[in-house]
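Here is the structure we will look at, set down as C-alpha cells.
Since the structure is predicted, the reported quantities are computational estimates derived from the model, not experimental observations.
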Amino acid sequence: MLFQLPNDDQLYQALLNRDPAFDGRVFVGVASTRIFCRLTCPARKPKRENCTFFETASEALEMGYRACKKCHPTTSEADGNKAIRSLVSALEERPDHFWQERDIVKFGLDPSTVRRAFKRQFGITFLEMARLRRLRKSFTTLQAGGKMIDAQLDAGFSSASAFRTAFAKHIGLKPSDFCADAPLKADWFDTPLGTMVAVADATHLHLLEFHDRKALPTELGKLFKTAKGQMGFGTTPALEITKAQLAEFFTGDRPQFDLKLALHGTAFTNQVWRELQDIPVGETTSYGALAKKIGQPNAARAVARANGANQIAIIIPCHRVIGADGQLTGYGGGLWRKQKLIDLELKYNRARLA
C-alpha cells in the first residue's frame, strides 16, 4: 500500500506535540500567513481551521505557500539545523582531527544540544561520527596492505591497545582477525546516504550495512564465525557489481537490483527477507500485512524482528515497512535514511505511472 496520511485531527495533534515521527513526511500550510512548516516547527502553533496538511513540500509550494524561515521545510534537518551543518562541514574539512567536546564549545554550541540533534538525525553523536571517520581511514590503510602501526596512526591513535579496542568496538573484530587470502572480502564505500560496509565472496553479497549502524559489529562477528575466520579486506566481482548498482539506484537509473544474495537467517527469517524483495518499488507495507502475505497473520512481531535482523540494507528493502498508521517505524540505519529511501523510490513510482 502507498503511504496514507492520518486524518487531519491526528496531524494537528502531532503538530501541537511537535511529533518528530512525521518530520519530512508531512507539512502544514497556514492560511493566515501563507507559510508552510514542518510539524516540529518551534513557531507558535496556528489555529486548527487555518491548517492544511501536505505530503510533500512541493505540494505546499504549488499551492502558493512560502517556506518557513525557522524550520526550513524544503531542506533536510541536517541542512536546516545550523549546529549540524557547521559541525558536519568542519568534520569534512578536518577528518583527521581528534574531535572533543571542547571543540564543540569553541563553535559556540552546547554539547548536550548537539548530542541530541545528531542522535535524532543520524543515530550517533557527532563525536562518534568523527571517530568512525578516523577508523575508516585505518580500514583503507589495512585494505591497501599497510602495516598495523600505519593504520593506527592514520586513525589518530597514539596507543596500539586503544586503536584495537576502538576498531573492535565499531567493527566487531580486531584488525588482526582479517586475513589477506580469505574468500570473503570486506570493503567500505561512500553513498549519498553515508558510508556503507559490504562483505561478499566472488559471486554473492553477504552483508551490506551503513557503517554507523549499532548492530554492525554483531553482524560482522556472526558472519566471521560462519566463515570460520575466512574474511579479509579488499574487493570481489560481486562487491564491484553491488557498488555499481547502488550508484545507479541513487542517481535514479535503477529501480530494481540484480544481485546474488547469500542469506544467513533461519527459514522463517529468510522467508520474510524474500517477501520484502517482492514489495513494489515506491510502495510500503506494514508488519501485519507482511505477516499475512507469508501465511502467518499472527506473526507480526516475529516479522518485525526478522525485518530488524536484515543484514543486506536497501537491496532487501526493509525500509519499505512502516507502521500500520502510516508512521515511520524503527530503522537500523536511522529514520532519516529510511525517509530518504522512501522519497527516492516514490520518484521511481511516479515516473512509472507518468
What I'd like to find out is whether the side chain of [X] reaches to under 4.5 Å of the side chain of [Y], using heavy atoms alone.
| X | Y | value |
| --- | --- | --- |
| D258 | I241 | no |
| C71 | C37 | yes |
| D177 | M231 | no |
| T235 | K243 | yes |
| V272 | I294 | yes |
| H204 | D201 | yes |
| L15 | R18 | no |
| V114 | T125 | no |

To check you understand the geometry: which heavy-atom pair defines the closest contact between [X] and [Y], and what is its length?
| X | Y | answer |
| --- | --- | --- |
| Q256 | R254 | O-CG, 2.7 Å |
| I316 | N310 | O-ND2, 2.9 Å |
| I314 | F210 | CD1-CZ, 4.1 Å |
| A202 | T236 | CA-CB, 4.1 Å |
| L239 | A200 | CG-CB, 3.6 Å |
| L184 | A227 | CD1-CB, 3.5 Å |

Do [X] and [Y] have side-chain N/O donor and acceptor atoms under 3.5 Å apart?
| X | Y | result |
| --- | --- | --- |
| H319 | E345 | yes |
| T269 | T266 | yes |
| N270 | H264 | no |
| N7 | Q10 | yes |
| Q13 | D9 | no |

Can a donor-acceptor pair be found, under 3.5 Å and without considering hydrogens, that links the side chain of [X] to the backbone of [Y]?
| X | Y | value |
| --- | --- | --- |
| R66 | F36 | no |
| R320 | E283 | no |
| R337 | G333 | yes |
| W273 | A306 | yes |
| D103 | Q100 | yes |
| Q245 | T242 | no |
| N17 | D19 | no |
| R38 | T40 | no |
| Y348 | D253 | yes |

- request: Answer yes or no for R301 and Y287: cation-pi contact, defined as NZ/CZ to six-membered ring centre under 6.0 Å and angle to ring axis within 45°.
  value: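 No.
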task: Could you tell me whether R34 sits above the aromatic face of Y65, with NZ or CZ closer than 6.0 angstrom to the six-membered ring centre and within 45 degrees of the axis?
output: yes
message: Once rounded to the nearest 0.5 Å, what's the spacing between atom CD of Q339 and atom CG of L344?
response: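 If we round to the nearest 0.5 Å, Q339:CD and L344:CG are 11.5 Å apart.
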query: Is any NZ, NE, NH1 or NH2 atom of the basic residue among D110 and R115 found under 4.0 Å from an Asp or Glu carboxylate oxygen of the other?
result: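 No, this pair does not count.
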query: Between R131 and E128, is the closest basic N to carboxylate O distance under 4.0 Å?
result: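 Result for this pair is no, no salt bridge flagged.
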field: L207 vs I312, side-chain contact (heavy atoms from CB on, under 4.5 Å): CA-CA, chis, key distance, verdict
entry: CA-CA 5 Å; L207 180 143; I312 303 180; 5.5 Å; no
- request: Name the orientation class of the two ring planes belonging to W99 and F107 (parallel below 30°, tilted from 30 to 60°, perpendicular beyond 60°).
  value: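 Tilted.
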- request: Classify the angle between the aromatic ring planes of F249 and F257 as parallel (below 30°), tilted (30 to 60°) or perpendicular (above 60°).
  value: tilted
message: For K45, is the NZ atom crowded, meaning more than 12 foreign heavy atoms sit under 6.0 Å from it?
response: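 More than 12 heavy atoms, drawn from other residues, nucleotides or ligands, come within 6.0 Å of this atom.
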query: Do M196 and W188 pass the side-chain contact (heavy atoms from CB on, under 4.5 Å) test, and can you show the C-alpha distance, the side-chain angles, and the key distance before you say yes or no?
result: CA-CA 6 Å; M196 299 195 78; W188 287 27; over 6 Å; no
- request: Could you tell me if the ring centre of F54 sits under 6.0 Å from that of F27?
  value: no
- request: Kindly determine whether L220 and F224 satisfy side-chain contact (heavy atoms from CB on, under 4.5 Å), including the steps that lead there.
  value: CA-CA 6 Å; L220 280 172; F224 183 80; over 6 Å; no
